[in-house]
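To start, the structure under review is shown below, and the notes come after it.
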Amino acid sequence: MAKKQADGEGLNIPNRIDALPVRRPGPIVAAVIVALLAAMLIQGMITNPRLDWPTVWKYLFNENVLEGIRYTLELTVISMVVAIVLSIILAIMRKSINPVLRGVSWFFIWFFRGTPVYTQLVFWGLFAVLIPRISLGVPFTDISFWSVNSQDVITAFNAAWIGLALNEAAYLSEIVRAGLEAVDPGQTEAAQALGMKRSLIMRRIILPQAMRIIIPPTGNETIGMLKTTSLVTAVPFTLELQFATGAIANRIYKPIPLLLVACFWYLLITSILMVVQSRIEKHFGKGFDARAMGTRGKQPPLPGKTEGEPKDDINKINEAGFTGMTA
């Protein structure tokens with residue numbers, strides 16, 4: 001009886017019809033077709049002699065390739081750390097009451113989002129030509145307290161991560177701004193009523209709640225940054241993964257196997273980043289996870305009920321009352 005009531009959602013319905021679900025062959029046919037296509041693709045990749053898998057395995061752990069992976073990861077990490085810090089500053093400036101700060105932030109975002117990253121990297125590669133020396137002194141005069149040769153500071157590696165970081169900061173700042181604006185303004189008003197300063201409110205109230213919205217697109221931008229490092233040849237910086245594999249390919253006249261080597265390492269690193277992103281999303285999503293609504297299966301049994309009997313009497317009473325009023 002208990003099982004019958006549970007199946008009937010708490011109601012005893014005489015002559016119940018046990019209807020079977022409608023069979024839908026479409027998903028099964030689609031799955032078979034997709035599986036066949038995938039098997040054909042895998043079989044073609046394995047048996048195609050032009051892919052030259054022995055060469056792929058030979059250079060997969062080549063020292064130049066591994067060094068290229070190291071530089072690629074360094075560029076990605078440094079660029080993203082600097083870009084995240086700058087993006088938070090830019091997003092806060094966009095929300096500032098000071099029009100000068102808002103204008104500077106808007107101009108930065110407008111400029112770096114409006115020009116291609118390749119063009120920006122070329123510019124940073126020519127920085128020492130445009131500005132031979134970097135000096136610190138009295139503005140608008142020839143008085144200088146400190147001076148250094150630009151080539152000693154803006155090396156190829158530094159120019160690469162500076163260009164990547166500034167470009168990425170413009171995009172991340174809009175992501176951060178969207179996350180900050182998604183937080184209920186009542187949170188700020190309540191914190192101000194407690195006498196908290198604006199900086200403390202941003203650090204302790206707004207940012208922790210905005211991280212749930214900021215993290216997913218930031219993870220995507222990080223993965224995009226990993227692949228964008230292949231453009232630093234515009235600086236030129238010639239030690240990252242794509243250039244390293246390309247140099248080997250030009251030397252042995254086998255571009256396809258070395259492209260597969262680069263693809264393998266990019267896919268491996270991207271997969272690791274996706275796992276890390278998922279863990280971080282779960283951490284900042286605590287307290288916001290979706291939960292089933294209603295009393296069914298979420299509360300202990302009502303007085304006089306057992307575990308096997310329906311627990312949603314209140315819902316049924318409300319539904320019956322609503323039906324009676326609308327009859």
Side-chain angles (χ1 to χ4, degrees), residues 72-96 101-121 160-188 198-199 201-232 240-242 263 265-291:
T72 297
L73 292 176
E74 288 181 0
L75 286 173
T76 302
V77 172
I78 296 175
S79 300
M80 286 305 300
V81 170
V82 175
I84 289 172
V85 174
L86 287 177
S87 65
I88 295 175
I89 296 174
L90 290 170
I92 295 175
M93 289 172 63
R94 283 290 297 270
K95 296 174 66 66
S96 173
L101 296 179
R102 292 201 308 269
V104 171
S105 175
W106 179 89
F107 178 82
F108 182 97
I109 296 171
W110 168 78
F111 179 81
F112 284 98
R113 290 177 65 188
T115 54
V117 62
Y118 189 89
T119 303
Q120 297 173 28
L121 290 172
W161 70 257
I162 290 174
L164 293 174
L166 293 179
N167 178 266
E168 187 61 35
Y171 291 91
L172 283 180
S173 63
E174 293 297 284
I175 294 174
V176 174
R177 184 173 66 89
L180 297 179
E181 293 179 351
V183 179
D184 189 353
Q187 301 281 341
T188 302
R198 288 178 59 88
S199 60
I201 293 173
M202 181 63 65
R203 188 173 67 254
R204 299 292 299 274
I205 305 298
I206 306 300
L207 276 178
Q209 298 184 69
M211 291 300 289
R212 180 176 61 93
I213 300 173
I214 295 173
I215 288 298
T218 302
N220 293 336
E221 291 295 322
T222 303
I223 294 173
M225 175 63 72
L226 174 72
K227 295 175 288 186
T228 306
T229 55
S230 61
L231 298 178
V232 295
E240 50 81 35
L241 177 59
Q242 183 62 47
C263 288
W265 285 113
Y266 279 122
L267 287 173
L268 178 62
I269 300 171
T270 299
S271 302
I272 296 173
L273 291 177
M274 292 174 64
V275 173
V276 174
Q277 175 186 346
S278 176
R279 298 293 179 86
I280 297 176
E281 287 181 16
K282 289 181 179 179
H283 173 74
F284 285 101
K286 293 178 180 178
F288 295 93
D289 297 333
R291 295 182 178 88

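Values below: all heavy atoms of this structure, side chains included; hydrogens, waters and symmetry mates excluded. Owing to the predicted nature of the structure, the values given are computational and were not obtained by experimental measurement.
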Spacing of [atom1] belonging to [X] relative to [atom2] belonging to [Y], to within rounding of 0.5 Å:
| X | Y | atom1 | atom2 | value |
| --- | --- | --- | --- | --- |
| Arg177 | Lys95 | CZ | NZ | 8.0 Å |
| Ser96 | Ile89 | OG | CD1 | 13.0 Å |
| Glu240 | Leu226 | CD | CG | 10.0 Å |
| Leu241 | Cys263 | CG | SG | 9.5 Å |
| Ile78 | Leu164 | CD1 | CG | 10.5 Å |
| Leu207 | Ile92 | CG | CD1 | 6.5 Å |

* Has Arg102 got more than 12 heavy atoms of other residues, nucleotides or ligands less than 6.0 Å from its CZ? -> yes

Close side-chain approach of [X] to [Y], heavy-atom, < 4.5 Å:
| X | Y | result |
| --- | --- | --- |
| Leu86 | Leu166 | yes |
| Gln209 | Asp184 | no |
| Ile280 | Met211 | no |
| Gln277 | Glu281 | yes |
| Ile175 | Leu172 | yes |

* Structure fact -> Residue set satisfying side-chain contact (heavy atoms from CB on, under 4.5 Å) with Ile213, at least two apart, ordered chain then number -> Ala182

Looking at every non-hydrogen atom in both residues, tell me the closest pair between [X] and [Y] and how far apart they are.
| X | Y | result |
| --- | --- | --- |
| Ile109 | Ala170 | CG2-O, 3.9 Å |
| Tyr171 | Phe112 | CE1-O, 4.4 Å |
| Ala210 | Gly179 | CB-O, 3.3 Å |
| Ala165 | Ala83 | O-CB, 3.6 Å |
| Ile269 | Leu73 | CG2-CD2, 3.8 Å |
| Thr72 | Thr229 | CG2-OG1, 3.4 Å |

* Check salt bridge (Lys or Arg N to Asp or Glu O under 4.0 Å) between Arg94 and all other residues, then give those that pass, not counting sequence neighbours. => Glu174

For residues 216-225, dump all side-chain donor-acceptor pairs below 3.5 Å to protein atoms at least two apart in sequence or in another chain.
{"unit_1": "Thr218", "atom_1": "OG1", "unit_2": "Ile214", "atom_2": "O", "d": "2.7"}
{"unit_1": "Thr222", "atom_1": "OG1", "unit_2": "Thr218", "atom_2": "O", "d": "2.9"}

* side-chain hydrogen bond (donor to acceptor under 3.5 Å, both in side chains): pairs with one or both residues in residues 76-90, sequence neighbours excluded -> none

* Pairs flagged by side-chain hydrogen bond (donor to acceptor under 3.5 Å, both in side chains) wherever residues 104-118 is involved - sequence neighbours left out -> Thr115-Gln120

* Asked: Which residues pass the ring pair (Phe, Tyr, Trp, His ring centres under 6.0 Å) test with Tyr266, sequence neighbours left out?
  -> none

